[in-house]
Number of protein chains: 2
Amino acid sequence: MTAPPLNTWQDVHAEVLDRISSRRWKPGELIPNEIDLATEFGCARTTVNRALRTIAEAGLLDRKRKAGTRVATNPVRKATLNIPIIRQEIEQMGQSYAYALISSEIGTPPVDVRARMGLAAKDKALHLIALHLANQRPYVCEDRWINMAGAPGVVDVDFTSISANEWLVANAPFTNGDLSFSALRADAKIAEHLGAKPNDALFILDRITWDRSTAITSVRMAFHPGYRMQTTI
Amino acid sequence: MTAPPLNTWQDVHAEVLDRISSRRWKPGELIPNEIDLATEFGCARTTVNRALRTIAEAGLLDRKRKAGTRVATNPVRKATLNIPIIRQEIEQMGQSYAYALISSEIGTPPVDVRARMGLAAKDKALHLIALHLANQRPYVCEDRWINMAGAPGVVDVDFTSISANEWLVANAPFTNGDLSFSALRADAKIAEHLGAKPNDALFILDRITWDRSTAITSVRMAFHPGYRMQTTI
DNA sequence: GAGTGGTCTAGACCACTGT
DNA sequence: CAGTGGTCTAGACCACTCC
């Protein structure tokens, strides 16, 4: 009674996940090496490798050369969040999207923003405050600084007709970025923009994007009260 | 002046990312197929495939059989969040970890929790409220329901000495879960637990975990004011 | 129908690391 | 030193999907 061969890496993937969750392979335990598993499953080592590598990337296996592969004892689960473009997020919900510029001026960013962006005290940046609306209701308020050295041509753009994000993705692509999520109490100003009550708790997304080592933009997005960001693991 | 061959998939990965961010390959544009790229780079098609597949998984390329590979026009960036085990997160910051059980009782979950967990009105569950502390200061307060059918033996556990999470990872592994992040205003009770002021904005993580289709636990973690969750893209 | 990505295979060499 | 995972190669077949 030999098992039928597992022909695809997805088959192997599923089988290994099953052995982990059924505790046939227990946390901390060393599992057979790739060659033995390939023999057992009746497939090539490459196929086993692809499956195990994928599972390891998800955090459920720990792999080390020579030491072999172990079931993770404390699976630090990795969740993949889709950071949406606001317009798409709203339109995918079947709601109408609108955008409104609240203010636009050139100035010196506050010291914390300068520090994160790596700007000097004399550097100027474009400061935008804008609102994204879903079905005419405030959805998210963004407070953004754009490094004029990192986004050539930005001074000439009319941001009343195009959102900063859309202009930037088309004109100043970034190579990497830092994200952080937090919660903040609405102050009077932002509460007014969002149509929220003062003291409402707001979900906050802070993002800085870079082109190699020069900062392009730093933005704080304050979502309307009740907003949730969801994913699966 | 032919370029030197790119020998590893990381080389190809870097080169392709460079062509995208430098706009040599523009958004929406069709890029050469794998065979041509392999010829150009002087490597095997498998190597090109690995690199392009990785980039596509990150959202910067759209690949379709027969249609070919295009640079994504609206790169929906995917951020990978590490969902930490609280004890580890605290210990990695070099702080001391402590855990305190606030209450433990068997009861019927509120209707929204029942709905999300797929429990009937008559089903009983174990309700725990507990606090995780970093350097003796409240770090996160968890409000948890455990499905007794999904976690055999849970009634006999002494949760004053071990945290629910640690017992569950060791004894009732999950196959999948739903996560959501939001912000919530602290009510009087939770403010007291966390040593926060009422109305403080709290970062909230809701998680339900499943073993196949039976819910194991539903937990709401309310982090101390000022908490941030960070990642990069 | 034909072009493209998706994957499998068998074999090989390399890089890391525990002993 | 030796065992393990990490990767490359060349060739092959398949699955999807556009035309």
Side-chain angles (χ1 to χ4, degrees), chain A residues 2-17 19-20 25-73 75-76 78, chain B residues 2-17 19-20 25-73 75-76 78:
Chain A
T2 51
L6 305 180
N7 295 313
T8 71
W9 72 266
Q10 290 95 335
D11 289 342
V12 177
H13 183 91
E15 171 65 20
V16 171
L17 283 183
R19 291 188 186 189
I20 294 171
W25 287 341
K26 299 182 184 59
E29 190 175 321
L30 196 62
I31 76 172
N33 69 31
E34 296 186 344
I35 296 175
D36 291 349
L37 285 176
T39 309
E40 179 190 344
F41 293 148
C43 64
R45 179 165 83 99
T46 321
T47 307
V48 175
N49 180 279
R50 172 88 185 263
L52 296 187
R53 176 163 39 84
T54 304
I55 295 173
E57 281 165 3
L60 285 150
L61 289 175
D62 289 328
R63 319 196 74 195
K64 256 188 277 187
R65 284 158 151 138
K66 162 76 179 181
T69 300
R70 289 178 184 279
V71 179
T73 40
V76 174
K78 294 178 171 74
Chain B
T2 51
L6 305 180
N7 294 313
T8 71
W9 72 266
Q10 290 95 334
D11 289 342
V12 178
H13 183 91
E15 171 65 21
V16 172
L17 283 183
R19 291 188 185 188
I20 293 172
W25 288 341
K26 298 182 184 58
E29 190 175 321
L30 196 62
I31 75 173
N33 70 31
E34 296 186 345
I35 296 176
D36 291 349
L37 285 176
T39 308
E40 177 189 346
F41 294 148
C43 65
R45 179 165 84 100
T46 320
T47 307
V48 175
N49 180 278
R50 172 90 185 260
L52 295 187
R53 176 163 39 85
T54 305
I55 295 173
E57 280 165 4
L60 280 106
L61 289 175
D62 289 328
R63 320 195 73 196
K64 254 189 278 187
R65 284 160 152 133
K66 163 77 180 179
T69 300
R70 289 178 185 280
V71 179
T73 38
V76 175
K78 295 179 169 73

request  = Starting from the C-alpha separation in whole Å, work towards a yes-or-no answer on side-chain contact (heavy atoms from CB on, under 4.5 Å) for B/L61 and B/V71.
outcome  = CA-CA 5 Å; B/L61 289 175; B/V71 179; 4.3 Å; yes
Protein and nucleotides 14-19 of chain D: nitrogen or oxygen contacts under 3.5 angstrom:
unit_1 : atom_1 : unit_2 : atom_2 : d
D/dA15 : N3     : B/R65  : NE     : 3.1

inquiry  = As a test of understanding, state which of A/I31, A/D36, A/L37 forms a side chain to side chain contact (heavy atoms under 4.5 Å, CB included) with A/N33.
reply    = A/D36
ask   = How close do B/A72 and B/G59 get, heavy atom to heavy atom, and via which atoms?
value = CB-O, 3.5 Å
ask   = Is a salt bridge present between A/R19 and A/E40, judged by a nitrogen-to-oxygen distance below 4.0 Å?
value = yes
inquiry  = Could you check whether any side-chain heavy atom of A/L30 comes within less than 4.5 Å of a side-chain heavy atom of A/W25, counting everything from C-beta outward?
reply    = no
Protein-nucleotide distance (B/E34, atom CD; D/dA12, atom P), rounded to Å = 17 Å
request  = Hey, which sits more toward the 5' end of DNA chain C by its nearest nucleotide, B/T69 or A/T8?
outcome  = B/T69
inquiry  = Please tell me if B/Q10 has a side-chain N or O lying less than 4.0 Å from either OP1 or OP2 of D/dT7.
reply    = yes
query = In residues 43-53 of chain B, which residues come under 4.0 Å of DNA chain C by heavy atom?
reply = B/R45, B/N49
ask   = Yes or no on salt bridge (Lys or Arg N to Asp or Glu O under 4.0 Å) for B/E34 and B/R63, after CA distance, side-chain angles and deciding distance?
value = CA-CA 11 Å; B/E34 296 186 345; B/R63 320 195 73 196; 2.7 Å; yes
task = Using the side-chain contact (heavy atoms from CB on, under 4.5 Å) rule, take A/L17 and A/L60 through it: C-alpha gap first, then chi angles, then the decisive distance, then the call.
result = CA-CA 9 Å; A/L17 283 183; A/L60 285 150; 4.0 Å; yes
request  = Tell me, yes or no, whether the heavy-atom count around B/I35 atom CD1, taken from other residues, nucleotides or ligands under 6.0 Å, exceeds 12.
outcome  = no
Between P of D/dT4 and CG of A/D62, the distance in whole Å = 17 Å
key: Rounded distance (Å) that lies between atom C1' of C/dG6 and atom CG of B/N33   = 14 Å
ask   = Separation of A/R70 atom CZ from C/dG18 atom C1', in whole Å?
value = 11 Å
ask   = Could you give the CZ-to-C1' distance, from B/F41 to D/dT9, as a whole number of Å?
value = 17 Å
ask   = Rounding to a whole Å, what distance do you find between A/I55:CD1 and D/dG5:P?
value = 13 Å
query = Tell me: CD1 of A/I31 to C1' of D/dG5, nearest whole Å?
reply = 11 Å
key: Pairwise side-chain contact, A/T8 with A/V12, heavy-atom cut-off 4.5 Å (strictly under)   = no
inquiry  = If I take atom CD in residue A/E57 and atom P in nucleotide D/dG6, what distance separates them, rounded to the nearest angstrom?
reply    = 10 Å
